[in-house]
Amino acid sequence: MGAGELLTGLNEAQQATVRHHGTPLLILAGAGSGKTRVITYKIAYLLQELGYHPREILAVTFTNKAAREMKERAVGLCPEASEVMIRTFHSFGAWLLRRFAEDAGLSRSFTIYDDDDMVSLLRGIYPEEQRSALRRVARRISRAKDLCLDPEDDLSPIGFDPRFGAMYGAYTRRLNEIGNVDFGDLILRPISLLGARGGSGGPLSVGGLIRSRFRAVLVDEYQDSNRAQYQLLKTLVGPDTYICVVGDDDQSIYRFRGAEVGNILSFPDSFPGAEIHRLEQNYRSTAPILAVADAVVARNTGRLGKTLFTTRTDGPLPRLVLLPDHEAEAEFCRTLLAREPSAAAETAILYRTNAQSRVFETTFARAGIAYRIVGSLRFYDREEIKDAIAYLKLFANPADEVAFRRIINKPSRGLGAVSVDRIFSALEDGAAEHGYDLIAATEAAASGLSRKASAAARGFVQAYRELGAGLAGGLLNEFVAQVFERFGLVAYHVEQDEDTGLGKRENLEEFLSAASMYPATPEGLVELLENLELDSGREQEASSDARNAVTLITMHNTKGLEFDRVIITGLEDGLFPRSDDDQEELEEERRLFYVAVTRARNEVYFTSCRSRMVNGRTLELYPSRFLQEIPEDLVDIDEQQVQRKRTRFGDARQGSGRMAYRTAGHDAHQGSRHAAEAEAEAEARFPAFSAVYHDEYGSGMVAKVWWSGSHEMVLVRFETGRELQFVAEYSGLERISSDSF
DNA sequence: GTCAGAAGGTTTTTT
DNA sequence: ACCTTCTGAC
């Protein structure tokens, strides 16, 4: 494929960007402007036209999904791209640390601690502290690492807790003794590794070696990089490295994780001579959708600023639906999906918090609507999987205190808190002799334990040693199966599952089959663990018919995805935006709104509830301030609603201007319960005891009618015996003559 | 050492 | 509503 051929199908701006070479390049790519396309073409262009060897190119993303997709698409353009290193920042860091383990002061078989593991480790050091307090400390340690701060540095940017420095220090020492790393270390340790002189890079330092290998470095979603990642990038880029970053300051949504929009804003200062290219043509959404997204994000200050345009000028206005509560919201979505089942696969329901997914799950499960949840409970987060991983981690690293504490008495084998304490004393005593080895410590402590505990400890050590000898070839699933069997893990969880409910056995089986992709060697084991730790394969098919399933997803998780139709739920102050008293935070929520809206190709719905159950309490809520920030002519308010309001409250839009549905929302949301109650009853279209018919559920009788806000709610008892609750307007119910009943 | 039940706090978003 | 932690009986 010649250059001309490679670049056909790209617009002029995209072509210029793909061709650019030499100076540092910042690509400001608006939503839907073909960002991934440009990067993948750029990789192909470097390989085909500029003669780069695949090993000389490094492309960094923020999610594994993005990395996989980029790889796939690049290989589609140019097969050589399969050898290009395309990884997340964290996985690149892990690769580097294993590759140069000795220089980094690590064993090649270190494993990676996630946020929960950090808390558990702290718990081992500070058993008397509250778990919630330790969680806060863990979060702060992560923030410190995002900012490249060591325990002895000035930690005031993190907050004012006088004990924090000491706790961070103790945590760091313990983690070093164990020989594992946390997520932050995957960025921090490479910075010092690459910055250091000498080492096993031969005549070159490790940094020199890496800088001479990667002649081109590409970074995706640069607006989400934090200070540590920026530093890592700096150490990767030498005078001859071609550096190109892509991002959109309006889509920076990971501030809470340390992301600094400042990185993208100041790129030209950090990398002198940088050029800026803009990609502003949106190929995804219709103009009405972009108008709404822009209206809100335009209120942010400190933007680089850009104007998206599209040739898709036609399309329905985004639609706002006001609802009484979260159940009605789920019911509204159900009805929408039932009306056109084939569109479900291209529909996504977006929410701000994972907890919001629950109503949708139960509603859809009841209605037999297939759904797919992205995120929420990750495979790796399940109890039984964490247990399985903990056993395996202990084989990778016998010093892994967190893994050890988790499984030493699970299933319970009579080694309780007292015995575990003794084992840890033995660990301290024997550290000089055996190093940090919990198996050796358990063996050493066994004689000093009660009779039952002593036998259990010896049995555990023996099982560990015999099983460990099995890491000598074959496939890893055989080894894992033996571990499960010998330690009684499957039996334990199957028994637990009897009252808890679902699929632990299946999950463990799935785990086994994942393990079959690796060799039964120490290296294979470490590789499996790393893949689980860094890429938890976070997608679960929650109901059988996955092909036509609707997607349930947090707004954060949608980044990089697109759908024909997007329903953005929970547009209520306090939920989205979560709070508006911190300006920075409010601006981040606006960017999240922008991300959410721009996922849609053709249709956008907003739903806003008057009340919602949060943490077991029902809260009264106001419509999101974002709804006020949209000029009224850019959104359709549910027509039936407006009708209703006009008749009941006069013209809801009077004297409102921009505030139209703020007013409307308040009327609809608040006005009706007292004065309007009687009137509302009078205009009920499904009086109690009337006969009704529903396409899916057949005929039935209205058992109960009530008003929730301005909404008529009905409880219908169907002939099948089923009782279901509906918002009358969205129910799809028809009244039928009562003699059929 | 284990278990069941009660009390009490609490989550925004994720590599 | 959920999960963790605490308490007391076996």
Side-chain angles (χ1 to χ4, degrees), chain A residues 60-67 87-94 112-116 118-120 123 127-136 139 142-143 145-146 181-187 221 224-226 228-229 252-259 326 350-359 362 374-378 380-381 383 409-420 449-453 456 496 499-500 530-536 538 553-559 570 574-579 582 585 588-589 591-593 595-596 612-618:
Chain A
V60 184
T61 64
F62 276 82
T63 67
N64 294 287
K65 202 170 175 184
R87 287 175 180 257
T88 64
F89 263 111
H90 291 91
S91 128
F92 173 70
I112 301 160
Y113 279 168
D114 68 10
D115 297 3
D116 281 345
M118 291 175 78
V119 176
S120 306
R123 225 177 140 63
E128 71 288 353
E129 292 288 333
Q130 296 278 326
R131 202 184 177 79
S132 56
L134 293 177
R135 198 170 294 148
R136 210 158 33 240
R139 220 180 347 242
S142 297
R143 288 301 75 77
K145 293 191 175 193
D146 291 341
V181 301
D182 60 21
F183 272 92
D185 291 339
L186 292 175
I187 310 297
E221 307 281 12
D224 283 325
S225 59
N226 60 33
Q229 287 159 337
S252 174
I253 55 174
Y254 285 108
R255 203 173 75 99
F256 68 91
R257 204 172 76 189
H326 59 291
L350 275 51
Y351 36 78
R352 180 65 236 276
T353 66
N354 280 306
Q356 286 167 256
S357 72
R358 192 161 221 101
V359 213
T362 50
V374 182
S376 73
L377 220 225
R378 307 182 302 171
Y380 173 70
D381 283 339
E383 186 197 3
N409 199 31
K410 190 176 185 183
S412 62
R413 46 177 74 90
L415 289 168
V418 176
S419 306
V420 171
L449 302 177
S450 72
R451 181 129 45 92
K452 189 174 151 209
Q496 293 288 303
D499 35 58
T500 52
E530 179 170 315
N531 286 337
L532 288 164
E533 287 150 354
L534 293 183
D535 180 13
S536 32
R538 309 181 347 269
I553 189 168
T554 63
M555 298 184 206
H556 281 86
N557 260 324
T558 59
K559 200 155 64 162
L575 185 63
F576 186 42
R578 183 160 179 276
S579 112
D582 174 359
E585 205 176 307
E588 172 128 326
E589 301 270 315
R591 294 191 290 264
L592 187 57
F593 179 91
V595 168
R612 167 183 303 278
M613 184 94 89
V614 179
N615 289 343
R617 296 212 67 98
T618 301

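We name chains A, B, ... by the order of the sequence lines, and we start the count at 1 in each one.
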What one should report as the nearest heavy-atom pair of A/V119 and A/R135 is CG2-CA, 3.9 Å

Residues A/V420 and A/L415: closest non-hydrogen pair is CG2-O, 3.9 Å

Review point. Considering only the P atoms, how many Å lie between B/dT13 and C/dT4, rounded to the nearest integer?
Key: 15 Å

Nucleotide [N], atom [atom2] - distance to [atom1] of [X] in whole Å:
X      : N      : atom1 : atom2 : answer
A/E530 : B/dT15 : CD    : C1'   : 13 Å
A/E383 : C/dT4  : CD    : C1'   : 13 Å
A/D115 : B/dT15 : CG    : C1'   : 9 Å
A/R139 : B/dT11 : CZ    : P     : 7 Å

Using a heavy-atom cut-off of under 4.0 Å over every strand shown, decide if [X] touches base, sugar-phosphate, or nothing.
X      : result
A/R255 : nothing
A/E221 : nothing
A/F62  : sugar-phosphate
A/V614 : nothing

With B for base contact, S for sugar-phosphate-only contact and - for none (protein heavy atoms under 4.0 Å), nucleotides 5-10 of chain C reads S-----

- Message: Under 4.0 Å between a side-chain nitrogen and a carboxylate oxygen: does that hold for A/K145 and A/D185?
- Response: yes

On the nucleotide [N], are OP1 or OP2 found under 4.0 Å from the side-chain N or O atoms that [X] carries?
X      : N      : value
A/N615 : C/dC3  : no
A/T353 : B/dT11 : no
A/T554 : B/dT14 : yes
A/R87  : B/dT15 : no
A/N409 : B/dT2  : yes
A/S419 : B/dG1  : yes

Keeping the roles fixed (side chain from A/R131, backbone from A/S120), state whether a donor-acceptor pair exists under 3.5 Å.
no

> Under 5.5 Å between ring centres and under 30° between planes: does that hold for A/F256 against the base of B/dT13?
Replying inline: yes

Verify stack between A/Y254 ring and B/dT14 base, 5.5 Å, 30 degrees
no

Among B/dT11, B/dT2, B/dT15, the one nearest any side-chain atom of A/R135 is B/dT11

Closest to the side chain of A/H90, out of B/dT15, B/dT14, B/dC3, is B/dT15

**Study point:** is_close_aromatic(A/F256, A/H556), centroid dist under 6.0 Å
**Key:** yes

By nearest-heavy-atom nucleotide on DNA chain B, the more 5' of A/E589 and A/A417 is A/A417

Sub-4.5 Å side-chain heavy-atom contact between A/L186 and A/F92:
no

